[in-house]
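Residue numbers start from 1 in every chain, and the chains themselves are labelled A, B, ... in the order their sequence lines are given, proteins ahead of strands.
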There are 2 protein chains.
Amino acid sequence: MRIGDLSRETGVSVASIKYYLREGLLPPGERTSPNQARYDAAHARRLRLIRALVDVGGLSIAGTRDVLSAVDDPAVSLHDALGTAQAAVMARTEPVEDEATTRAEQTVADLVERRGWVASERNPGYRTAVDVLAALERLGGERVAGLLDVYAEAMDGVAAHEVAAVVDTEDRERSVERVVVGIALGGALMAALRGMAEATVSARRSGLAPDPAGVTGSG
Amino acid sequence: MRIGDLSRETGVSVASIKYYLREGLLPPGERTSPNQARYDAAHARRLRLIRALVDVGGLSIAGTRDVLSAVDDPAVSLHDALGTAQAAVMARTEPVEDEATTRAEQTVADLVERRGWVASERNPGYRTAVDVLAALERLGGERVAGLLDVYAEAMDGVAAHEVAAVVDTEDRERSVERVVVGIALGGALMAALRGMAEATVSARRSGLAPDPAGVTGSG
DNA sequence: ATAATTGGAGAGTAGAACTATCCGAGTCGG
DNA sequence: CCGACTCGGATAGTTCTACTCTCCAATTAT
């Protein structure tokens with residue numbers, strides 16, 4: 001398979017494939033002569049993974065590269081790859097250290113303790129949670145912040161299923177790939193479903209849709 | 001309050017404030033003379049809201065403008081504002097219409113029916129869900145897609161609490177503002193918590209942390 | 001009085017993610 | 001085997017986003 005075939009098969013332009021090659025997201029093809037290379041199904045697969053992470057998961061090119069290096073490096077454990085993928089999906093802001101942040105830190109530390117989570121300040125989720133809670137306090141968003149335990153409970157339930165479904169020990173690379181896809185696309189999927197669920201609740205509240213007979217949200 | 005005071009109070013540079021003014025994210029100050037204007041606490045509040053949506057919620061400037069117009073327009077209902085905010089947080093790709101998409105559409109339609117959701121193809125979450133599931137199928141991510149009902153159940157639970165907490169009928173503008181903040185920052189918060197919950201499950205699986213005695217994730 | 005600041009407009013900038021153009025070297029159809 | 005097409009690789013250019021800078025006359029602070 002040459003670059004044109006790869007492009008046709010995946011729908012990614014030749015120019016973009018060259019760009020991903022340059023940026024190190026896609027490994028180079030096998031050279032058949034000083035200026036000719038051959039690509040295979042693994043390249044097509046990788047290309048589809050790149051597109052999914054970038055277009056659907058919203059990762060940056062740089063974040064995608066970090067994630068893919070973790071996938072490719074046999075020395076990176078599943079657990080570490082999970083951390084890398086999480087870091088890549090979280091919107092990071094450098095911290096401000098005002099008193100809203102201080103209080104948010106305490107809130108998160110308490111939550112982590114309360115739930116028995118294993119998460120330090122180096123966990124990307126930990127820092128993001130602090131940022132969000134600090135921003136909420138600055139905005140007076142205590143109604144949202146008050147849902148913290150609701151969110152935490154829901155995420156605890158989801159995480160147990162997710163990790164169990166996605167991890168398997170037989171093939172490290174495939175497993176890491178699934179973990180990464182799960183974090184990036186699973187997050188997008190949850191956001192989408194949350195949108196529909198909220199729209200439904202809101203429509204019923206506004207009288208735009210009737211309350212259903214037996215459906216109360218737990219079936 | 002003049003622009004310099006506003007900048008000092010919120011930590012946003014004067015140049016950026018002027019930019020937001022130009023882009024229509026921040027309403028103009030009250031003119032005190034042909035080339036002098038006065039700003040008040042409402043401007044500072046709005047500015048903090050802009051920063052939160054952009055920095056923490058990850059919205060674009062254009063998306064933020066759409067959301068804020070909905071907040072400001074008394075003709076926009078809570079339910080519609082919710083849709084606008086959702087559209088602004090979802091990463092949109094134009095659809096591809098291959099057979100993966102066709103199957104994903106069916107999967108989402110079935111899910112919506114199964115859960116009794118009120119969501120059409122015009123719901124931003126609906127389209128995003130289709131995109132994500134189609135991408136998963138192209139990647140062979142059936143393990144993630146298999147969690148669909150787990151995600152849906154979790155989001156149904158969250159949505160009921162969220163809408164109830166965030167909506168109140170006394171003050172439309174404040175209520176819409178809370179809805180918008182809830183969607184943008186609540187989503188970021190959930191992603192962060194998911195990160196910690198997953199890291200915990202993964203650490204225990206990898207033997208990096210002990211299983212706790214009485215904590216099973218439902219306390 | 002004079003130095004700093006203001007509002008407003010326009011141009012300039014940095015980074016991200018491509019996209020286009022070249023070029024000399026293969027490859028394929030007739 | 002020849003001419004058109006395509007290739008890989010390098011470099012430069014483009015588009016978009018989100019600012020940031022520079023001016024300038026008018027105002028305000030000291």
Stepwise side chain to side chain contact (heavy atoms under 4.5 Å, CB included) test for B:Glu121 and B:Val112: CA-CA 11 Å; B:Glu121 283 150 39; B:Val112 166; over 6 Å; no
B:Arg174 and B:Asp168: CA distance, side-chain angles, deciding distance, salt bridge (charged side-chain N to carboxylate O under 4.0 Å, His left out) verdict: CA-CA 9 Å; B:Arg174 270 302 155 89; B:Asp168 81 46; over 6 Å; no
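Using modelled atom types, no side-chain atom of B:Glu30 and backbone atom of B:Arg38 make a donor-acceptor pair closer than 3.5 Å. The backbone N or O of A:His43 sits less than 3.5 Å from a side-chain atom of A:Asp40, completing a donor-acceptor pair. In this structure a side-chain-to-backbone donor-acceptor pair under 3.5 Å is missing from B:Ser16 to B:Val12. Of the possible donor and acceptor atoms, one in the side chain of A:Gln86 sits under 3.5 Å from a partner among the backbone N and O of B:Gly195. Judged by distance alone, with hydrogens and angles left aside, the side-chain atoms of B:Asp73 form no donor-acceptor pair with the main-chain N or O of B:Ala70 at under 3.5 Å. No side-chain donor-acceptor contact under 3.5 Å links B:Arg65 to the backbone of B:Ser60. For B:Arg127 (side chain) and B:Gly125 (main-chain N/O), no donor-acceptor pair under 3.5 Å exists by modelled atom type.
Residues A:Thr101 and A:Asp98 have side chains that bring a donor and an acceptor to within less than 3.5 angstrom of each other. Counted by atom type alone, A:Asn123 and A:Trp117 present zero donor-acceptor pairs between their side chains at under 3.5 Å. If you check the side chains of A:Thr128 and A:Asp131, you find no donor sitting under 3.5 Å from an acceptor. Residues B:Ser77 and B:Asp80 bring a donor and an acceptor atom of their side chains to less than 3.5 Å of each other. Checking B:Ser202 against A:His79 by side-chain atom types alone, a donor-acceptor pair falls below 3.5 Å.
Contact check of residues 23-40 of chain A against DNA chain C (heavy atom, cut-off under 4.0 Å) returns A:Ser33, A:Asn35, A:Gln36. At a non-hydrogen distance threshold of 4.0 Å, B:Arg51 from residues 41-52 of chain B come into contact with DNA chain D. Within residues 6-15 of chain B, the residues having any heavy atom under 4.0 Å from DNA chain D are, by residue number, B:Ser13, B:Ala15.
Atom CG of B:Leu59 and atom P of D:dT17 are 14 Å apart (whole Å). Straight-line distance from the CD1 atom of B:Ile3 to the C1' atom of C:dT5: 11 Å, rounded to whole Å. Atom CG in A:Leu21 sits roughly 14 Å away from atom P in C:dC18 (whole-Å rounding). Residue B:Asp5 contributes atom CG, which lies 11 Å from atom C1' of C:dT5 at whole-angstrom precision.
A close approach under 4.0 Å does occur between a side-chain nitrogen or oxygen of A:Ser16 and OP1 or OP2 of C:dT19. Checking the phosphate oxygens (OP1, OP2) of C:dC18, a side-chain nitrogen or oxygen of A:Tyr20 falls inside 4.0 Å.
In this view, B:Asp149 and B:Arg114 satisfy the salt bridge (Lys or Arg N to Asp or Glu O under 4.0 Å) rule, not counting sequence neighbours.
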Close N/O contacts between protein and nucleotides 10-16 of chain C (under 3.5 Å):
residue	atom	partner	partner atom	Å
C:dG10	O6	B:Arg22	NH2	3.4

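A salt bridge (charged side-chain N to carboxylate O under 4.0 Å, His left out) with A:Glu177 holds for exactly one of A:Arg172, A:Arg46, A:Arg48, A:Arg45; it is A:Arg45.
Bending across the helix from C:dA1-D:dT30 to C:dG30-D:dC1, expressed as the angle between its end axes from five pairs apiece, amounts to 0° (10° rounding).
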